[in-house]
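Working notes for the structure below.
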Amino acid sequence: MPPPDHSLVRLLSDWLPRQRWFGGKDAPIDELSIGTATELRTGDPALHHLVLDVRQNGTTDHYQLLLGVRRHLPERLHAAAIGEADGHPPITGHVYDAAHDPDLTQVLLEFMASEASAGPLRFRRAPGTGIRTGLEGLPTSAEQSNTSLIFGDAYICKLFRRLSPGVNPDLEVNLALTRQGCAHIAAVHGWAELDPGDPAEPGAEPVTLALLSEFLRTGTDGWQLALTSVRDWFAQPAPPDEAGETGEVTAEDAGEAGGDFAAEAERLGAATAEVHRDLAAAFGVVRTPPEAVRDLVFGMNEQLDQVTAAVPALRPHAHGIRQVFDRVAADASGLEFQRVHGDYHLGQVMRTDAGWVLLDFEGEPARAPGERRAFAHPLRDVAGMLRSFEYAARFLLARDHGLPDGTAEALELRARAWAERNRAAFCAGYAAAGGPDPAAHAALVRAFECDKAVYEVRYEASNRPSWLPVPLRSLARLAG
Ligand SMILES: Nc1ncnc2c1ncn2[C@@H]1O[C@H](COP(=O)(O)OP(=O)(O)O)[C@@H](O)[C@H]1O
Ligand SMILES: O=P(O)(O)O[C@H]1O[C@H](CO)[C@@H](O[C@H]2O[C@H](CO)[C@@H](O)[C@H](O)[C@H]2O)[C@H](O)[C@H]1O
């Protein structure tokens, strides 16, 4: 029997597919190699920055990892362990994900504050800001596409996990919106980037590795706020109907619940329109020719084909979804496109004392980098948020299999009432603040909702299979 392989590459190949942020879970890793390795701190613990080149299905993706190395791994770091490396390449000892080690994450703040460089890595401070050092950073518990470290109550540093060529849209957009004086973003304090240093491509944009932003101390996640409201509404006694008995619930009844969310949904709609206005001012607007609308529908159908092939449960809905898309293609007049958020949902917004703040302008993690920065119709974001209201209303139902007989149907009516009320409030706030009126573009919004739900089918099938019924049920209704 060959001796067990403890090379770092072997350890990483076993560990990587188990990470929530790994985007290639639907295919095996054909080859993993270490693209760049930069020592950021020597000693015990030591810190290395790695870019992993991961080959799957004929394409190579690049993932970033902060690798901690210790002679002995304390218990508090056991959950972050990758294994015991044997010195091939020359790293020996217990290796682990250093995002979980505050002794090492503080190096990031120090490097950004002093605008340090290390090998191909450059650390930057945003113009006109300072960075406090000596703060310990630990990852948030949020299960998302990247890893965010919170430093005291001062900063949050997002480590982009899958790297894309060039500037990350989250940094690009936040800096541009800061210049516009936008009130609905978190201030940028610094970032880290990797100089591609490719002599074949002189002047290539640096690759963004991390973004340091103001930590919104008074912020509450939009998803949590919405779920609290749904739970409250589900717990309300049924309203009496005209005959004095319990009857059907309406969107209006949903407004009687103590935790009603509609006023917040309306404010969120207005904040969204204001950010769209500032994005248009910063990056411009183009009136697309009719062919662009056909390209848009082509892209929607292409994604549908891919997801239908990968997730059989989507097949029964495919014909209906295509008909929804065709209705948009039939109206071939041009549309106004601009930069948008791109992956807009309730987990990307926070309510602070001062109002709603939009986060994470990276676009959908599964989309190609060029596509994420492409101009799009702003109602695509509106549709994203409408999908999120559907998610918030229905996810408790989709996940609960132990409801007493009859309860699921009653709660489904309540879910529908909650979603209708908050969708309407969000759209009203958006249109009143100057965004294109969703009601006047109903076919387009429906197509964007279907497109997003198809994306979600793939996302849930790969990441959270028990959530798959949420987008599938919506598609049955949207395209039925
Ligand atoms: N500036 C901030 N202040 C406080 N919390 C934040 C801030 N930015 C992000 N968060 C929290 O971290 C979570 C993940 O941030 P996000 O930018 O959406 O990362 P990802 O790209 O991994 O989805 C958010 O849902 C929010 O709860
Ligand atoms: O990691 P990101 O925030 O960039 O986005 C991805 O993960 C989201 C889930 O965390 C996923 O959003 C879907 O689930 C949400 C509830 O958890 C729901 O509010 C959204 O409407 C729904 O799309 C998002 O699609 C994905 O890109």
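Side chains included, hydrogens not; waters and symmetry mates left out as well; all remaining heavy atoms used. Atoms within a ligand are numbered from 1 in the order they appear, just like the ligands themselves.
Note that the CE atom of Met350 and the CD atom of Gln224 stand 10.0 Å from one another [nearest 0.5 Å].
Residue contacts with ligand 1: Lys158 is placed with a nitrogen or oxygen under 3.5 Å of a nitrogen or oxygen of the ligand (distance criterion only). At least one N or O atom of Asp360 sits closer than 3.5 Å to an N or O atom of ligand 1. Polar contact check, Tyr455 against ligand 2: a nitrogen or oxygen pair lies under 3.5 Å apart. Taking any N or O of Trp223, backbone or side chain, none lies under 3.5 Å from an N or O belonging to ligand 2. Of the polar atoms of Thr147, none of the N or O atoms is found under 3.5 Å from an N or O of ligand 1, judged by distance alone. Below 3.5 Å of separation, one finds no N or O of Thr140 facing any N or O of ligand 1. For Ala186, no nitrogen or oxygen atom sits less than 3.5 Å from a nitrogen or oxygen atom of ligand 1, counting backbone and side chain alike. Between Glu214 and ligand 1, at least one pair of N/O atoms sits closer than 3.5 Å. At under 3.5 Å, not a single nitrogen or oxygen of Leu359, backbone or side chain, sits near a nitrogen or oxygen of ligand 1.
At least one heavy atom of Arg464 sits under 4.0 Å from some atom of ligand 2. Using 4.0 Å as the threshold, Trp467 has a heavy atom nearer than that to some atom of ligand 2. Ligand 2 is never approached by Glu364 to a heavy-atom distance shorter than 4.0 Å.
Ring centroids of Tyr391 and His345 are separated by 6.0 Å or more, keeping the two rings apart.
Protein heavy atom closest to atom 5 (N) of ligand 1, with residue, atom name and distance, is Met350 SD, 3.4 Å. Among protein heavy atoms, atom 25 (O) of ligand 1 sits closest to Gly347 O, 2.9 Å. Closest to atom 14 (C) of ligand 1 among all protein heavy atoms lies Gln144 OE1, 2.7 Å. Looking only at protein heavy atoms, the nearest one to atom 11 (C) of ligand 1 is Ile156 CD1, 4.1 Å. When hydrogens are left out, the protein atom nearest atom 27 (O) of ligand 1 is Asp221 OD1, 4.0 Å; that is the closest non-hydrogen contact.
Thr218 contributes a side-chain N or O that, together with a main-chain N or O of Asp353, makes up a donor-acceptor pair within less than 3.5 Å.
When side chains are defined from C-beta on, Leu225 does not count as touching Glu264, because their heavy atoms never get closer than 4.5 Å.
With respect to the salt-bridge test (charged N to carboxylate O, under 4.0 angstrom), the residues Asp343 and Lys452 qualify. A salt bridge links Asp360 to Lys158: one of the charged nitrogens lies within less than 4.0 Å of a carboxylate oxygen. One finds no salt bridge joining Arg161 and Asp61 here, because no Lys/Arg side-chain nitrogen approaches an Asp/Glu carboxylate oxygen to under 4.0 Å. Glu390 and Arg473 are not joined by a salt bridge, as no carboxylate oxygen comes within less than 4.0 angstrom of a charged side-chain nitrogen. Taking the charged nitrogens against the carboxylate oxygens, Arg458 and Glu364 have no contact shorter than 4.0 Å, which rules out a salt bridge. Salt bridge Arg477/Glu412: absent, no basic N to carboxylate O contact under 4.0 Å.
If you look at Asn146 next to ligand 1, the close heavy atoms, those under 4.0 Å, come from the backbone and the side chain alike. Of all the heavy atoms of Asn463, none lies under 4.0 Å from any atom of ligand 2, so neither backbone nor side chain is involved. When non-hydrogen atoms are compared, ligand 1 lies under 4.0 Å from the backbone of Leu216 as well as from its side chain.
Between Tyr63 and Trp21, the two ring planes are tilted [angle within 30° to 60°]. The aromatic rings of Phe426 and Tyr430 sit parallel to each other, their planes meeting at less than 30°, with 60° as the upper class boundary. Below 30°, between 30° and 60°, or above 60°: for Phe111 and Phe123 the angle between ring planes is above 60°, a perpendicular geometry.
Remark: among candidates Asp170, Val470, Asp360, Asp343, the nearest residue to atom 5 (O) of ligand 2 is Asp343, based on non-hydrogen atoms. If you check each of Arg217, Arg161, Gln348 against atom 18 (O) of ligand 1, the one with the closest non-hydrogen atom is Gln348.
Contact atoms of ligand 1 toward Phe215: 3 (N), 4 (C), 5 (N) (distance under 4.0 Å to a heavy atom of the residue). When each atom of ligand 2 is checked for a heavy atom of Ser388 under 4.0 Å away, the hits are 18 (C), 19 (O), 20 (C), 21 (O). Every atom of ligand 1 is numbered from 1 in the order shown, and the set under 4.0 Å from a heavy atom of Glu362 is 21 (O). Every atom of ligand 2 with a heavy atom of Gln348 under 4.0 Å away is listed here by number and element: 3 (O), 4 (O).
Arg267 forms no cation-pi arrangement with Trp356, by the criterion of a distance under 6.0 Å to the ring centre and an angle within 45° of the ring axis.
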One pair to check against side chain to side chain donor-acceptor pair (under 3.5 Å): Asn463 and Arg20. What are the steps and the verdict?
CA-CA 8 Å; Asn463 293 291; Arg20 163 69 160 77; 4.6 Å; no

